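First comes the structure, then the notes that go with it.
Scope of the values below: all heavy atoms of this structure, side chains included, with no hydrogens, waters or symmetry mates. This is a predicted model, so every value here is computed, not measured. Each chain gets a letter, A, B and so on, in the order the sequences are listed, and its residues count up from 1.
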Number of protein chains: 2
Amino acid sequence: MVSGMSQVDDATGLGRLEPKSLVQLAADAVRKKILAGDLEPGERLIEERLTKELGISRPPLREALRLLQQEGLVVNQPRRGSTVVELTSEDVYEILTLRSGLERMAVELGVPVQDPARLEVCRQALARMRACAQAEDRGGLVEAGYAFHASIVALAGHGRLSAMYNSLYQQLLLCMARNLYVRERFYEDLETHVDRHQELLDVVERGDPKAVLEALAAHGERSFSSM
Amino acid sequence: MVSGMSQVDDATGLGRLEPKSLVQLAADAVRKKILAGDLEPGERLIEERLTKELGISRPPLREALRLLQQEGLVVNQPRRGSTVVELTSEDVYEILTLRSGLERMAVELGVPVQDPARLEVCRQALARMRACAQAEDRGGLVEAGYAFHASIVALAGHGRLSAMYNSLYQQLLLCMARNLYVRERFYEDLETHVDRHQELLDVVERGDPKAVLEALAAHGERSFSSM
DNA sequence: ATACAAACTATTGTAGACAATAGTCCAACA
DNA sequence: TGTTGGACTATTGTCTACAATAGTTTGTAT
């Protein structure tokens, strides 16, 4: 699940090869544990235990936790350590509204698309979705769906916007990992699920921003009306 | 400058008293140094030097730098340390577009205002702006202007939205500290500057979202057309 | 004189240990 | 029996020291 994400995160552009520091690796590992449900919401993150699991010492782990804290996956109370964030329905509301708002901004900034290469990324992500749907690989579908939406946002060529979106999507995945409604959604026809995204991309490729916004609204409503 | 900001950041709501950790203090101090121009964009942040200045050891400082890294004020290259972020014109474009987009979202979510207390915060911030303008306290005016815009965004009662906005505004302040256009803007009549914000608040109080959006667009355009 | 290589220095990355605090449990008293 | 006080333990906060790396400078050879 996270492997696909790092693939997205790696899109820093230039080919400068940067040996990932232990901090980055630790952050990735803990993030993966959280999103995989290995660490449950509200659970205390005992530093010493994590260091033993990861085979590192505390300083890099603590720095990694600071990163996750800013990402919104971990909350840190002074003198009381870190815990996995617990998302209330209020939080879910915030995440969903921000998400749709950011997507809207991205469309307004990025459609019609100038750089064809960016569209190609969307197409490939959609193809991956379809492949996962046919294989009934629900985990892969979630991951590919993330890549697809991220690629749509990336059409704007707006680094900070994409960064915010990705950070937010992490939290959304955390909801989805736990929440009932998503599981239910996943009993809908997987092909239909992909088709809806296909339609969205079609409208994007056609290049009319207003039409995309309408499609996006419909898409979002269908996705989250059950909340 | 930063004192006023922490005042805003402290708005975590509840009265739970949390002894600030060295990490938080260090992050605040370094942020202040950066925004005050004490540390210039592109400048390397030598850890040992900062520790001596702040009188702390490296681990908490490093964690603070991780926070600032996620806030976008500091960039960290593995094995090569941290530097103050250098904002290109592309970055400024990103910051300004995101800023206006987030403000728009906030208005759409928060106008008309339900909680009168939130409006009161706006009014007080505006009063502070006017006081600073009359005293020709340009530094204070910048700070109060930040508080005003933050309070407008806070009308939405959307924690994540406000957090993103604040983080972005830090970077905007970093531009403003350096960039020419702002200095020029500040030779305009300070009272007029405040008046423009007054008009914005008036429209907000009137409660028509569409009118606010228009006012906001005009406001933004006047503020940044010179970019 | 210039280019390349090797050593050196400055700085970051990581580790382990110590200090301080918060939560918990048990006992004693009202 | 309920409550308060104190000690204990687990965990975080912080510091010092060591290892590793990148940048720089100097020397030598062509």
Side-chain angles (χ1 to χ4, degrees), chain A residues 6 12 14-31 33-34 38-71 73-86, chain B residues 6 12 14-31 33-34 38-71 73-86:
Chain A
S6 61
T12 49
L14 25 92
R16 168 146 209 141
L17 52 86
E18 306 180 348
K20 278 206 174 185
S21 67
L22 272 193
V23 175
Q24 279 301 328
L25 295 175
D28 292 344
V30 175
R31 192 186 300 113
K33 276 179 182 294
I34 291 175
D38 204 1
L39 296 168
E40 297 197 4
E43 185 173 344
R44 281 192 67 184
L45 300 174
I46 310 295
E47 297 176 0
E48 195 178 358
R49 189 179 309 160
L50 284 174
T51 58
K52 273 190 285 191
E53 279 186 40
L54 301 176
I56 61 178
S57 69
R58 282 180 57 212
L61 175 69
R62 283 176 61 89
E63 290 179 33
L65 290 180
R66 293 291 178 190
L67 289 177
L68 296 178
Q69 174 187 347
Q70 286 295 85
E71 283 181 22
L73 285 182
V74 159
V75 293
N76 183 290
Q77 289 182 309
R79 292 275 161 205
R80 226 171 297 179
S82 306
T83 58
V84 179
V85 67
E86 285 181 296
Chain B
S6 60
T12 49
L14 25 91
R16 169 150 209 136
L17 47 87
E18 306 180 347
K20 277 206 173 184
S21 67
L22 272 193
V23 176
Q24 278 302 327
L25 294 175
D28 292 344
V30 175
R31 192 186 300 113
K33 275 180 183 293
I34 292 175
D38 205 2
L39 297 168
E40 296 197 2
E43 185 173 343
R44 280 191 66 183
L45 299 175
I46 310 297
E47 296 176 1
E48 196 178 357
R49 188 178 310 160
L50 284 174
T51 58
K52 274 189 285 190
E53 279 186 40
L54 300 176
I56 61 176
S57 70
R58 282 180 55 214
L61 175 69
R62 284 175 61 88
E63 290 180 34
L65 290 178
R66 294 290 179 191
L67 288 177
L68 296 177
Q69 174 187 347
Q70 287 294 86
E71 283 182 21
L73 285 181
V74 159
V75 293
N76 184 290
Q77 289 183 308
R79 290 277 159 204
R80 223 170 302 178
S82 306
T83 58
V84 179
V85 67
E86 284 181 296

Please find the pair of heavy atoms, one from [X] and one from [Y], that lie closest to each other, and give the distance.
X        : Y        : answer
Ala29(B) : Leu54(B) : CB-CD2, 3.9 Å
Ala27(A) : Leu68(A) : O-CD2, 4.0 Å
Val85(A) : Pro41(A) : O-CB, 3.5 Å

*Scan residues 41-57 of chain A against DNA chain C and write down, sorted by residue number, each residue with any heavy atom closer than 4.0 Å; if none is found, say none.*
Ile56(A), Ser57(A)

Rounded off to whole Å, could you give me the [atom1]-to-[atom2] distance for the [X] and [N] pair?
X        : N       : atom1 : atom2 : answer
Gln77(A) : dG13(D) : CD    : C1'   : 16 Å
Leu65(B) : dT11(C) : CG    : P     : 15 Å
Arg62(B) : dT16(D) : CZ    : C1'   : 15 Å
Leu61(B) : dT12(C) : CG    : C1'   : 12 Å
Leu22(A) : dT21(D) : CG    : P     : 12 Å
Arg79(A) : dA19(C) : CZ    : C1'   : 9 Å
Glu63(A) : dT12(D) : CD    : P     : 16 Å

_Checking contacts here: which listed nucleotide (dT14(D), dG13(D), dT14(C)) is nearest the side-chain heavy atoms of Asn76(A)?_
dG13(D)

*Any donor-acceptor N/O pair, Glu53(B) side chain to Leu50(B) backbone, under 3.5 Å*: no

_Categorize Pro60(B) for me: base, sugar-phosphate, or nothing, with a 4.0 angstrom heavy-atom threshold over every strand shown._
sugar-phosphate

*Side-chain-base donor-acceptor pair under 3.5 Å for Arg58(B) and dG13(C)*: yes

*Rounded to the nearest 0.5 Å, how far apart are OG of Ser82(A) and CD of Gln69(A)?*
7.0 Å

*Working to the nearest 0.5 Å, report the span between CD of Glu63(A) and CZ of Arg66(A).*
10.0 Å

*Does the distance from a Lys or Arg side-chain N to an Asp or Glu carboxylate O, for Arg62(B) and Glu47(B), drop under 4.0 Å?*
yes

*Want to settle it: does Gly81(A) or Pro59(A) sit nearer the 5' end of DNA chain D, counting the closest nucleotide to each?*
Gly81(A)

